[in-house]
Amino acid sequence: MALRSVRVGRLAGIPIGIQPLWLAIVALITWSLGAVYYPDQAPGIGPVAAYGLGLLSALLLFASILLHELGHAVVARRHGVEIEEIDLWLLGGVARMKGYPKAAGDELRFALAGPAVTLAIATAFGLVGLALPASAPAAIRALVSYQLLINGVILAFNLLPAFPLDGGRVARALIWRRTGDLARATTTAASIGTGFGYGMVGLGAFAAIAGALGGIWLALVGLFVIAAARAEADGLRVRTAFSGREARNLMTFPAVSVPAGASVADVVRDYFVARRYAAFPVLDGERLVGLIDRATVERVRAERRPVTTVGDVCITDPSLVVEESQDVAELLERPAFQRVGRAMVTTADGRIGIVSITDVNRVLRALELAGEVPRRAHAA
């Protein structure tokens with residue numbers, strides 16, 4: 001998910017983010033339910049009421065997904081895993097966790113927490129449906145029935161053993177518990193997940209050709225599962241490669257820095273163009289202020305660059321400042337590093353280096369060449 005989410009609040013102390021494409025799927029669900037489902041289930045319902053219930057149904061759906069992810073996050077946090085945020089996006093939601101579970105039992109509890117929440121939600125809507133009197137409006141019955149059905153679908157889908165879905169994480173936990181080898185368990189679970197993903201793509205494509213437009217959605221989910229399974233396997237491979245390796249051994253040193261009081265226009269001309277680096281530490285005298293990179297510069301309108309200082313717009317996330325002894329595997333798991341692609345390294349004598357994803361990839365390729373790290377598996 002390359003798009004950056006917008007923070008909209010906190011729940012149980014965990015930041016909640018929404019990606020722009022989430023609005024598109026909310027609109028699509030609202031339109032689908034308002035145009036077809038509610039007029040069919042509640043004959044005579046007016047367009048305003050139908051689309052209003054469609055929107056309410058879409059929001060309740062994503063509230064259920066949010067609670068599902070919150071279940072994962074709260075259990076993970078209780079077992080020492082830091083939660084960066086929960087994101088709602090095009091295909092649902094994801095709890096961004098920093099790090100890996102420490103034991104197979106922890107992984108199993110994390111994985112089952114979300115489905116347990118969804119089961120509770122589905123049960124609650126089922127009980128509400130049973131409690132509704134026969135005189136209840138058809139539109140209300142339709143709303144409750146839809147929430148019961150969609151939460152049942154979410155529960156069943158997430159329990160498929162297609163890593164990194166919840167069922168796949170349960171499978172990894174069980175394999176890990178039996179073998180005692182997280183890397184082996186991840187590789188096996190990722191292979192199973194990839195197989196399920198290709199199956200979803202094939203079934204979705206067949207359904208779409210047959211005229212069922214929902215097949216397109218299934219195929220998209222399948223592609224996501226394939227990509228996510230490979231990313232999980234690659235992530236563990238990289239973590240294993242860099243665990244115990246310190247930032248001092250990878251960083252570019254010394255880094256060229258820019259003064260905080262310089263205008264963005266001057267820094268573009270005198271540093272980005274002249275030096276041809278992708279990012280620079282920003283200093284206010286001897287004090288490290290932050291980092292200026294190309295993406296940050298591009299967000300400043302051209303006419304504002306001569307009157308805007310880099311100190312005003314630079315990235316100031318403290319998690320992007322590390323010491324020489326920083327474990328690179330841990331650094332790679334930091335969401336800020338994953339977003340920006342680099343971090344600043346401070347030395348004992350006050351000088352600054354930069355370690356970037358380019359440095360990491362360069363070392364990773366060298367380790368692969370030396371046979372110290374298995375090469376990335378490629379699809380046939």
Side-chain angles (χ1 to χ4, degrees), residues 1 5-30 32-33 52-98 101 106-132 140 142-160 162-170 173 217 221 224-225 228 335:
M1 295 177 289
S5 62
V6 177
R7 293 278 176 89
V8 295
R10 288 177 176 268
L11 192 58
I14 299 170
I16 308 300
I18 292 177
Q19 295 201 357
L21 286 178
W22 176 79
L23 297 174
I25 193 61
V26 168
L28 180 61
I29 293 173
T30 299
S32 175
L33 295 177
L53 286 170
L55 176 59
L56 177 60
S57 298
L59 295 178
L60 285 173
L61 163 61
F62 277 97
S64 299
I65 292 173
L66 178 59
L67 291 174
H68 176 107
E69 297 301 331
L70 186 65
H72 289 307
V74 169
V75 173
R77 190 170 60 181
R78 287 177 180 172
H79 289 81
V81 176
E82 184 179 340
I83 307 300
E84 171 69 8
E85 68 178 352
I86 295 175
D87 263 357
L88 296 178
W89 66 301
L90 182 64
L91 297 180
V94 60
R96 299 186 182 280
M97 301 183 188
K98 179 180 173 182
D106 290 345
E107 169 86 312
L108 190 60
R109 283 185 281 272
F110 301 170
L112 290 175
V117 171
T118 299
L119 177 60
I121 294 172
T123 300
F125 277 110
L127 292 174
V128 170
L130 291 174
L132 284 175
I140 299 301
L143 173 66
V144 173
S145 296
Y146 176 79
Q147 295 303 320
L148 173 60
L149 173 64
I150 200 65
N151 276 282
V153 170
I154 291 172
L155 178 63
F157 178 75
N158 272 283
L159 288 177
L160 289 175
F163 188 76
L165 298 180
D166 296 337
R169 292 191 179 278
V170 169
W217 185 254
V221 172
F224 162 75
V225 169

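No experiment lies behind these values; they were computed from the predicted model shown.
Contact check for S57 versus L143: side-chain heavy atoms found under the 4.5 Å cut-off. A heavy-atom distance below 4.5 Å is found between the side chains of L55 and V26. L21 places none of its side-chain heavy atoms less than 4.5 Å from the side chain of I25. Looking at heavy atoms from C-beta onward, L70 lies out of side-chain contact with V117 at the 4.5 angstrom threshold. I150 is not listed as a side-chain neighbour of L60, based on a closest heavy-atom distance of 4.5 Å or more.
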- Report the C-alpha separation of F110 and H79 in whole Å, then their side-chain angles, then the decisive distance to 0.1 Å, and conclude whether the side-chain contact (heavy atoms from CB on, under 4.5 Å) test is met. CA-CA 9 Å; F110 301 170; H79 289 81; 3.8 Å; yes
- Query: Would H72 and D166 count as a side-chain hydrogen bond (donor to acceptor under 3.5 Å, both in side chains) if you check the C-alpha gap in whole Å, the side-chain angles of each, and the deciding distance to 0.1 Å?
  - Reply: CA-CA 10 Å; H72 289 307; D166 296 337; 3.1 Å; yes
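In terms of heavy-atom proximity, G13 sits nearest to P15 at O-CD, 3.8 Å. For L155 against P115, the heavy-atom pair with the smallest separation is CD1-O, 3.5 Å. The shortest heavy-atom contact between W22 and L59 is CH2-CD2, 4.2 Å. Among all heavy-atom pairs drawn from V75 and A113, the shortest one is CG2-CB, 3.5 Å. Scanning both residues, V221 and F157, for their nearest heavy atoms gives CG1-CZ, 3.1 Å. Nearest approach of A73 to I86, heavy atoms of both residues: CB-CD1, 4.2 Å.
For the pair S32 (side chain) and L28 (backbone), a donor-acceptor distance under 3.5 Å is absent. Using modelled atom types, one side-chain atom of E69 and one backbone atom of A95 make a donor-acceptor pair closer than 3.5 Å.
Taken to the nearest 0.5 Å, the CG atom of L119 stands 12.5 Å off from the CG atom of N158. A distance of 7.5 Å separates CD1 of I83 from CZ of R77, quoted to the nearest 0.5 Å. One distance of note links CG of L88 with CD1 of I18; it measures 5.5 Å at 0.5 Å rounding. To the nearest 0.5 Å, the span separating CD on Q147 from CG on L56 amounts to 7.5 Å. Rounding to the nearest 0.5 angstrom, the gap separating the CD1 atom in I121 from the CG atom in L67 is 4.5 Å. A distance of 12.5 Å separates OH in Y146 from CG in L53, rounded to the nearest 0.5 Å.
For CZ of R7, the number of neighbouring non-hydrogen atoms (other residues, nucleotides, ligands) closer than 6.0 Å is greater than 12.
Applying the side chain to side chain donor-acceptor pair (under 3.5 Å) criterion to D106, with sequence neighbours excluded, gives R109.
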